[in-house]
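Report on one structure; see the data block that follows.
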Amino acid sequence: LAGIGGVKGQAGDEGQTGRPGGCLCGANGARSAFSVAVTKSYPKERLPIRFDRVLMNEGGHYNASAGKFLCAIPGVYYFTYDITLANKHLAIGLVHNGQYKIKTFDANTGNHDVASGSTVLRLRRGDEVWLQIFYAEQNGLFFDPYWTDSLFTGFLIYPDLDTPSVAEPAEEQGEVGGEQEEAMGEEGVGVTAPSSAD
């Protein structure tokens, strides 16, 4: 039989401080963000608008020469645009792989105005997103280097769970910066066709 319990002993010495724990915020290191502006007014209809002044291009996933964002990190993204218009109406839409996701129409009232839109999209690797005018002669996007800008911005909110810890740079995928030809889709939306060099 067990005997009577003894008197509780004194506490031992305090142990050494352990190593700091890991941080799960941004654990996989996936980063993708861009913010770009135009340098010309009145772009052509039904073709990607080329926002060729790059304010930020984290990851290099926005192609300024093509006017398109190319997804290299699958996940959920936020896109927004703020477009100055003048002298004409503006009918602009955000396109995902050849399909309009949102459209914005702003009528010219004789003064300068701003049209804006935003949305959240789930993208796969290789998906493309861009802005374009969706109606003829409604291309009132206006640029003035001294007092107004028209901006297109997007960034990764969070990656898919199975995304590798380090994404391949866009230029290494052979899908950004190469020669591209613009073809018309069934709905009049500009889509990328393979070049003859491919």
Side-chain angles (χ1 to χ4, degrees), residues 1-38 48-49 51-83 92-104 114-132 149-178 180 189 191-192 198:
L1 297 175
I4 300 174
V7 179
K8 184 177 181 181
Q10 297 180 351
D13 296 335
E14 184 177 353
Q16 296 181 350
T17 303
R19 296 181 180 180
C23 175
L24 296 179
C25 44
N28 68 355
R31 296 182 180 181
S32 181
F34 72 94
S35 187
V36 290
V38 295
I49 299 171
F51 291 79
D52 51 5
R53 183 163 73 91
V54 177
L55 306 177
M56 179 183 184
N57 194 11
E58 180 79 27
H61 304 145
Y62 177 79
N63 186 340
S65 62
K68 295 181 178 182
F69 171 78
L70 177 66
C71 176
I73 305 172
V76 174
Y77 287 77
Y78 176 79
F79 294 95
T80 184
Y81 57 87
D82 294 278
I83 307 296
I92 191 169
L94 185 138
V95 183
H96 172 215
N97 289 346
Q99 300 294 323
Y100 287 107
K101 291 301 181 180
I102 58 173
K103 294 181 178 180
T104 303
V114 175
S116 62
S118 60
T119 191
V120 175
L121 298 175
R122 178 177 293 279
L123 303 183
R124 298 178 179 178
R125 182 184 295 271
D127 282 1
E128 295 178 321
V129 177
W130 68 90
L131 293 178
Q132 70 181 39
D149 283 304
S150 292
L151 303 174
F152 180 31
T153 299
F155 56 85
L156 175 68
I157 300 175
Y158 57 85
D160 288 346
L161 295 178
D162 57 352
T163 300
S165 58
V166 179
E168 298 179 6
E171 56 269 20
E172 292 182 4
Q173 298 177 37
E175 299 181 43
V176 174
Q180 296 179 326
V189 178
V191 296
T192 301
D198 295 336

By ring pair (Phe, Tyr, Trp, His ring centres under 6.0 Å) - contacts of [X] (at least two apart):
{"X": "F51", "result": "F152"}
{"X": "F79", "result": "F69"}
{"X": "Y158", "result": "none"}

- [ ] Using modelled atom types only, decide if a donor and an acceptor are shared between the side chain of S118 and the backbone of Y81 within a distance under 3.5 Å.
- [x]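 Not confirmed, S118 side chain does not pair with Y81 backbone.
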TODO: Determine yes or no for a side-chain-to-main-chain donor-acceptor pair under 3.5 angstrom, with R125 supplying the side chain and I73 the backbone.
DONE: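 Answer holds: no.
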Task: Note, L94 side chain near V129 side chain (heavy atom, < 4.5 Å) - done: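 When only atoms from C-beta onward are counted, V129 and L94 do touch, with a gap below 4.5 Å.
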When rounded to the nearest 0.5 angstrom, what is the spacing between [atom1] in [X] and [atom2] in [Y]?
{"X": "L131", "Y": "I92", "atom1": "CG", "atom2": "CD1", "result": "4.5 Å"}
{"X": "I49", "Y": "I83", "atom1": "CD1", "atom2": "CD1", "result": "6.0 Å"}
{"X": "F155", "Y": "Y77", "atom1": "CZ", "atom2": "OH", "result": "11.5 Å"}
{"X": "L55", "Y": "Y62", "atom1": "CG", "atom2": "OH", "result": "10.5 Å"}
{"X": "L123", "Y": "N97", "atom1": "CG", "atom2": "CG", "result": "8.0 Å"}
{"X": "K101", "Y": "H96", "atom1": "NZ", "atom2": "NE2", "result": "6.5 Å"}

Open item on the list: Run the salt bridge (charged side-chain N to carboxylate O under 4.0 Å, His left out) test against D52 and tell me which residues pass, sequence neighbours left out.
Closed with: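 Listed in chain order: nothing, the list is empty.
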Task: D149: partners by side-chain hydrogen bond (donor to acceptor under 3.5 Å, both in side chains), with sequence neighbours left out - done: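 Here the qualifying residues are R53.
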- [ ] Using the test side-chain hydrogen bond (donor to acceptor under 3.5 Å, both in side chains), find all partners of S150 that sit at least two apart in sequence or belong to another chain.
- [x]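 So S150 forms no side-chain hydrogen bond (donor to acceptor under 3.5 Å, both in side chains) with any residue.
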Open item on the list: Quiz question: by atom type and distance under 3.5 Å, do the side chains of Q132 and W130 form a donor-acceptor pair?
Closed with: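 Note: Q132 and W130 side chains meet the donor-acceptor criterion.
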Task: D160/R124 ion pair, N-O < 4.0 Å - done: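 A salt bridge is absent here (no side-chain N lies under 4.0 Å from a carboxylate O).
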